[in-house]
Every structure is written in C-alpha cells, then in structure tokens.
*Asks:* 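Quick one: structure below, then a few questions.
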Amino acid sequence: ELKVEQNPLFLSMQEGKNYTIYCNYSTTSDRLYWYRQDPGKSLESLFVLLSNGAVKQEGRLMASLDTKARLSTLHITAAVHDLSATYFCAGEGSGGSNYKLTFGKGTLLTVNP
Amino acid sequence: NAGVTQTPKFRVLKTGQSMTLLCAQDMNHEYMYWYRQDPGMGLRLIHYSVGEGTTAKGEVPDGYNVSRLKKQNFLLGLESAAPSQTSVYFCASSSSPTNTEAFFGQGTRLTVV
C-alpha cells in the first residue's frame, strides 16, 4: 500500500526567500501530483509528474520527480504572499489500484511580508 | 463549466441522524471518490467507484455507505451520524486509468453535535 510523507508540515517564509517542500513515497508510483488548497476552498491541481526526471514549472513554483529515490520536490522561488496556502502531494498506486490517489498530510505555507 | 458539484455545502446534524451527500460530475469521468479532510490528517479515502454500478471501500469506510446508480452521480450516506464524522467531505472524479488527475468539488462541511 502506497504511503506518502510530506515535510515540512508547516513552513513560514519571508517574502523573497526560496524553499523546498519534500514528498517521499513508499512504493512504486506511476504518477505524482501536486495540489494547492486555499483556506476553506477546494483542491486545485498544480502539477502532474509522469516520469523519472520530470520537471514542471509554473511561475515561482517548480516541481520535480525522482522515481528511483521515490521523491518529489516542490521548490518555491522568491516567495510572495499570494503563495500562502496548503500544498499536497499525491501518489498514484501501481498495478490494479492505479486509479486511487494517496495524499500526503499537506504542507501549510505562510509567506510573511 | 460545472465540473464536480457537491450538495449541500454545509450541514449540522444531531448524533444518530442520517443524511446523504450528493456529488455530480459533468465530465463523463469513470472514477469517482469520496474523501474526508481533518486537521493534520490530509485527505483520506472513504469509498470510491470505478464505474456505474460499482463501489469499493477506501481507507476509512466505517459508518458510511455509497451508491453509484448513474455514471454522473456518487452518493455518500451516513446512516447514524456520530461526532467523529464531523469533517469536511470532498468528492472527486478522474477520467481513466491513464489519466488519474482528480478534479475536486467544493467540499461539504459537516458538523455532528
């Protein structure tokens, strides 16, 4: 059974700084997803990482996937207040359960002026 | 574009009462899911469906039942609500085994007193 672990769970940053959120998963996962959730809102898909070495970038966020290390990272460059949210990674199961996503506990990011 | 729609958005129940949460999607997706979100726990899968007429248990199915009589609808029932079921419930859908990106509804905030 796939287990997904994120760290840190809480992250307080200053505007302009860089930081990385880590997502480790326990078994083979065919795809890795990153979602964003604003307070009281639903989850919004940010990135889909499909293969080893995949890198995707959108604005100040960049996600990467290393399937050999079973690790995905979400890198934040020059943080701004608008990035404050909870970020979840989710792994797709392999084989017969590949349609189920298993989520990490989320990283609550607060960007301070 | 409606996407995934959940009703109701808020509900307060007394212990022992029953209710049904409705999820409707207009994307012709095969797979549908019910998750619950609790502080510090991430999203946990309650039940899911891989097609019309099918349902299966997820990680935390006890106290819940589901039905998928029509492809576009996935119902979550609480037969006898308990305070431990106070949570935010999210419905999601995805299209196929080769595209497991999940699209989420806006959530239902349920309080059981």
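Predicted model only: the values in this text are computed from it and were never measured.
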*Asks:* Does a donor on one side chain and an acceptor on the other come within less than 3.5 Å for His75(A) and Thr20(A)?
*Replies:*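 Result is yes, a qualifying pair exists.
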
*Asks:* Side chain, backbone, both or neither: which part of Leu45(B) has a heavy atom under 4.5 Å from chain A?
*Replies:*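 Just its side chain gets close to chain A.
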
*Asks:* In terms of heavy-atom pairs under 4.5 Å with chain B, which of Gln37(A), Gln6(A), Glu1(A) leads?
*Replies:*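 The option with the most such pairs is Gln37(A).
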
*Asks:* What part of Leu43(A) is in contact with chain B, defined as an atom under 4.5 angstrom from a non-hydrogen atom: side chain, backbone, both or neither?
*Replies:*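 Interface part for Leu43(A): both.
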
*Asks:* Does Lys71(B) come within less than 4.0 Å of Glu52(B), counting only side-chain N to carboxylate O?
*Replies:*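 Here Lys71(B) does not pair with Glu52(B) in a salt bridge, since their nearest N and O are not under 4.0 Å apart.
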
*Asks:* Heavy-atom pairs under 4.5 Å with chain A - which of Gln106(B), Glu59(B), Glu101(B) has more of them than the others?
*Replies:*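 Of the options given, most contacts go to Glu101(B).
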
*Asks:* Output the option from Gly107(B), Gly58(B), Gly40(B), Ala56(B) having the highest count of non-hydrogen pairs under 4.5 Å with chain A.
*Replies:*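 Highest number of pairs under 4.5 Å: Gly40(B).
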
*Asks:* For Arg44(B), is there an ion pair with Asp38(B) - N to carboxylate O distance below 4.0 angstrom?
*Replies:*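 Counted as a salt bridge, because a side-chain N and a carboxylate O are separated by less than 4.0 Å.
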
*Asks:* Once the angle between the rings of Phe103(A) and Tyr35(A) is folded into 0 to 90°, is it parallel (under 30°), tilted (30 to 60°) or perpendicular (over 60°)?
*Replies:*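 Taking Tyr35(A) first and then Phe103(A), their aromatic rings sit tilted (interplane angle of 30° to 60°).
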
*Asks:* Please state whether the side chain, the backbone, both or neither of Val4(B) comes within less than 4.5 Å of a heavy atom of chain A.
*Replies:*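 For Val4(B), there is no contact with chain A at all, as no heavy atom is under 4.5 Å.
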
*Asks:* Please tell me if the side chains of Leu109(A) and Met13(A) come closer than 4.5 Å, counting only heavy atoms from C-beta onward.
*Replies:*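 Of all side-chain heavy-atom pairs linking Met13(A) with Leu109(A), at least one is under 4.5 Å.
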
